[in-house]
Q: 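Structure incoming, see below.
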Protein chains: 2
Amino acid sequence: MSDRSAAQHSDMLLFLTDEQLRQGIEAMFFAYQGFTADPDRILSEMAYGRAHHRAVHFINRAPGTTVNNLLGILGVTKQSLNRVLRTLIEDGLVQSKVGRVDKRERHLFLTEAGAELERKLSDAQRARMRAAYREAGPEAVTGFRAVLEAMMDKDMRRKSRALKEGST
Amino acid sequence: MSDRSAAQHSDMLLFLTDEQLRQGIEAMFFAYQGFTADPDRILSEMAYGRAHHRAVHFINRAPGTTVNNLLGILGVTKQSLNRVLRTLIEDGLVQSKVGRVDKRERHLFLTEAGAELERKLSDAQRARMRAAYREAGPEAVTGFRAVLEAMMDKDMRRKSRALKEGST
DNA sequence: ATTATAAGTCAGCTTTGTTGACTTTCCAAC
DNA sequence: GTTGGAAAGTCAACAAAGCTGACTTATAAT
């Protein structure tokens with residue numbers, strides 16, 4: 001296997017059996033369960049769900065983002081997001097500010113309480129991610145990220161890149 | 001086992017910034033969207049959802065499996081699985097046979113129609129997986145799999161392994 | 001002035017998860 | 001042998017979170 005890993009270029013032949021691909025698919029499924037398990041546990045103790053987590057995560061990541069932008073990132077309808085956002089605002093975790101330049105827009109920010117929840121959730125998730133990285137080793141991390149990136153839809157890849165650059 | 005691979009890397013320092021971990025988390029989120037996009041599109045044209053896909057996938061993978069076993073793999077309640085299973089059986093995609101040795105058990109099999117759906121769904125998903133692997137290169141694939149494995153819960157890792165071995 | 005966009009709301013529906021209560025079947029202890 | 005508990009499966013009711021469609025309000029752009 002390490003002979004084959006001498007292959008450096010993507011135009012080399014990659015022989016992938018049906019079975020190997022199925023294993024990759026299953027690994028993705030099982031890993032995603034683990035990936036969401038810790039935050040889900042925390043959230044279920046409060047009155048929140050995975051949808052709240054995602055909203056809080058991306059508001060933290062791109063403070064001041066508009067509702068419309070968040071919609072695009074999450075890939076849900078505004079009605080669906082609105083339900084979640086409304087409870088977060090009512091509960092004082094998220095603040096919505098009318099745009100200064102374009103007053104139609106609402107810019108979203110975490111309050112201190114919101115930031116605290118975000119920290120709690122992402123601490124758990126980062127701990128698992130860190131442990132997985134550590135167990136798999138530094139080379140694996142690069143490969144992991146490369147495959148994930150290639151698996152995204154094109155427009156999601158764009159959004160993912162935008163978030164990375166926005167936070168440097 | 002994982003102790004060995006952990007020991008192998010334990011002397012290697014892995015500096016992981018908060019930012020790098022967050023990027024990994026987001027990559028996982030976006031990639032999972034892509035991962036499920038193609039089957040979801042196919043399923044939405046029929047009266048089925050992601051839950052049906054998962055059931056069909058794992059019945060194909062482990063023909064004759066019991067409901068209870070499937071429950072453990074999918075990580076849902078039997079009541080939740082039952083609803084999905086019932087429609088699949090009614091529609092003639094899955095056959096349920098009363099156990100010969102233990103009549104409480106139901107053994108599950110895909111019918112020809114069920115196998116056809118499975119093929120259609122997994123063709124799409126495998127195509128994306130294959131493309132991602134090809135784009136990322138052979139080394140990346142190894143790393144990808146290693147990180148995913150490390151990200152699973154322990155019992156899921158067991159189940160994942162069992163499926164791999166069962167199909168050789 | 002008209003049209004388009006951003007945000008939000010209301011209503012109603014679907015999928016897929018949950019708990020709780022129940023039946024049938026099996027097995028093991030008595 | 002009987003019985004009492006555990007396991008497998010089913011039925012009912014509910015909750016989370018997605019969807020579509022129709023509509024309002026405020027603002028921006030043409």
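In what follows, chains are A, B, ... by sequence order, proteins preceding strands, each numbered from 1.
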Q: Apply salt bridge (charged side-chain N to carboxylate O under 4.0 Å, His left out) to B/R106 and list each qualifying residue two or more places apart in sequence or on a separate chain.
A: none
Q: The criterion is side-chain hydrogen bond (donor to acceptor under 3.5 Å, both in side chains); which residues satisfy it with A/T65, sequence neighbours excluded?
A: A/N69
Q: Among all residues two or more places apart in sequence or in another chain, which pass the ring pair (Phe, Tyr, Trp, His ring centres under 6.0 Å) test with B/F29?
A: A/F58
Q: Please determine if B/E19 and A/R61 form a salt bridge, counting it only when a charged side-chain N lies under 4.0 Å from a carboxylate O.
A: yes
Q: Mind running a 4.0 Å heavy-atom check of residues 47-84 of chain B against DNA chain C and sending the residues that fall below it, in number order?
A: B/A47, B/G49, B/R50, B/A51, B/H52, B/R54, B/V76, B/T77, B/Q79, B/S80, B/R83
Q: For DNA chain C, determine which residues of residues 97-105 of chain B have any heavy atom closer than 4.0 angstrom to one of its atoms, and list them numerically.
A: B/D102, B/K103, B/R104
Q: Output side-chain donor-acceptor pairs under 3.5 Å for residues 75-84 of chain B, partner residues at least two apart or in another chain, one line each.
A:
unit_1: B/T77; atom_1: OG1; unit_2: B/S80; atom_2: N; d: 3.3

Q: May I ask you to decide if A/Q125's main-chain N or O and A/S122's side chain share a donor-acceptor pair within less than 3.5 Å?
A: no
Q: Tell me, please, the opening and closing nucleotides of DNA chain C, 5' to 3', among those with an atom under 4.0 angstrom from a non-hydrogen atom of chain B.
A: C/dT15 to C/dC26
Q: Tell me, please, which residues at least two apart from A/Y48 pass ring pair (Phe, Tyr, Trp, His ring centres under 6.0 Å).
A: A/H52
Q: Could you pull out all residues at least two apart from A/R157 that satisfy side-chain hydrogen bond (donor to acceptor under 3.5 Å, both in side chains)?
A: B/E135
Q: Just jot down the side-chain hydrogen bond (donor to acceptor under 3.5 Å, both in side chains) partners of A/T36, sequence neighbours excluded, or say none.
A: A/R50
Q: Would you grab the first and last nucleotide of DNA chain D (5' to 3') that comes under 4.0 Å of any non-hydrogen atom in chain B?
A: D/dA6 to D/dA12
Q: With sequence neighbours excluded, give me every salt bridge (charged side-chain N to carboxylate O under 4.0 Å, His left out) pair touching residues 111-120 of chain A.
A: A/E112-A/R119, A/E118-B/R22
Q: Under the 3.5 angstrom rule, does the side chain of A/Q33 hit a backbone N or O of B/L74 as a donor-acceptor pair?
A: yes
Q: Given 3.5 Å as the limit, does a donor-acceptor pair link the side chain of B/T66 with the main chain of B/H107, or not?
A: no
